[in-house]
Colleague: 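Got a structure for you, written out below as structure tokens; questions coming shortly.
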Amino acid sequence: MPESAHDLEPIELPAGITARDLLKTAPYNARNPQTNQTKHCYAKYNEFFRCEKHHGEDAKECMKIKQAFFSLCPSEWRTKWDDQRENGFFPGPL
């Protein structure tokens, strides 16, 4: 186990996400006011891929949505959903 942050291995950030973006979180959403943000996470994930489909990959318009779902959704969920999308059986409205 590392003794300090200086001993940690550097991580590779996803395209369009900077270290500064990691310090931000999704803004308040009146449609999902509860503390359990599962629905908000799922909605932002779907919203990002709809935006990307409409505007193209790495579109500037979609980066805030991407940052929001990265801050809301656990990485395990994102990985699972990405695998499901690639295999054609994601249950969301993309």
Side-chain angles (χ1 to χ4, degrees):
M1 177 150 190
E3 293 184 23
S4 75
H6 297 288
D7 298 331
L8 295 173
E9 293 290 323
I11 61 168
E12 186 175 324
L13 298 175
I17 301 292
T18 65
R20 186 175 203 85
D21 292 331
L22 293 177
L23 300 176
K24 298 176 188 173
T25 189
Y28 175 76
N29 184 336
R31 294 174 292 181
N32 297 293
Q34 67 275 14
T35 54
N36 181 345
Q37 291 294 308
T38 304
K39 288 181 183 178
H40 194 185
C41 157
Y42 186 72
K44 286 294 180 191
Y45 184 87
N46 287 315
E47 184 180 348
F48 169 73
F49 286 102
R50 282 193 304 268
C51 180
E52 192 176 64
K53 189 176 187 180
H54 180 71
H55 294 288
E57 280 190 39
D58 298 324
K60 188 175 181 179
E61 298 91 343
C62 306
M63 288 302 118
K64 274 198 168 201
I65 302 167
K66 183 176 187 176
Q67 189 272 325
F69 90 75
F70 261 82
S71 71
L72 287 167
C73 302
S75 60
E76 294 84 14
W77 293 4
R78 294 190 316 258
T79 301
K80 178 182 174 185
W81 293 340
D82 288 343
D83 290 343
Q84 289 176 342
R85 276 187 318 98
E86 290 170 9
N87 293 319
F89 60 92
F90 178 71
L94 300 176

Colleague: Please walk me through it: do Leu72 and Trp77 pass side-chain contact (heavy atoms from CB on, under 4.5 Å)?
Modeller: CA-CA 10 Å; Leu72 287 167; Trp77 293 4; over 6 Å; no

Colleague: Indicate the atoms forming the closest heavy-atom contact of Glu52 with Cys62, along with that distance.
Modeller: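 Reported closest heavy-atom pair: N-SG, 3.6 Å.
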
Colleague: Is it true that Arg50 and Glu47 have a side-chain N and a carboxylate O under 4.0 angstrom from each other?
Modeller: no

Colleague: For this output row, return yes or no: ring centroids of Trp81 and Tyr42 closer than 6.0 angstrom.
Modeller: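 Yes: the rings meet the under 6.0 Å criterion.
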
Colleague: Answer whether the closest heavy-atom distance between the side chains of Gln84 and Pro91 falls below 4.5 Å.
Modeller: yes

Colleague: Give me each pair satisfying salt bridge (Lys or Arg N to Asp or Glu O under 4.0 Å) with a member in residues 66-83, each pair once, sequence neighbours excluded.
Modeller: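 Non-adjacent pairs meeting salt bridge (Lys or Arg N to Asp or Glu O under 4.0 Å): Asp82-Arg85.
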
Colleague: Classify the ring geometry between Phe90 and Tyr45 as parallel (under 30°), tilted (30 to 60°) or perpendicular (over 60°).
Modeller: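 Judged by the thresholds at 30° and 60°, the geometry between Phe90 and Tyr45 is tilted.
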
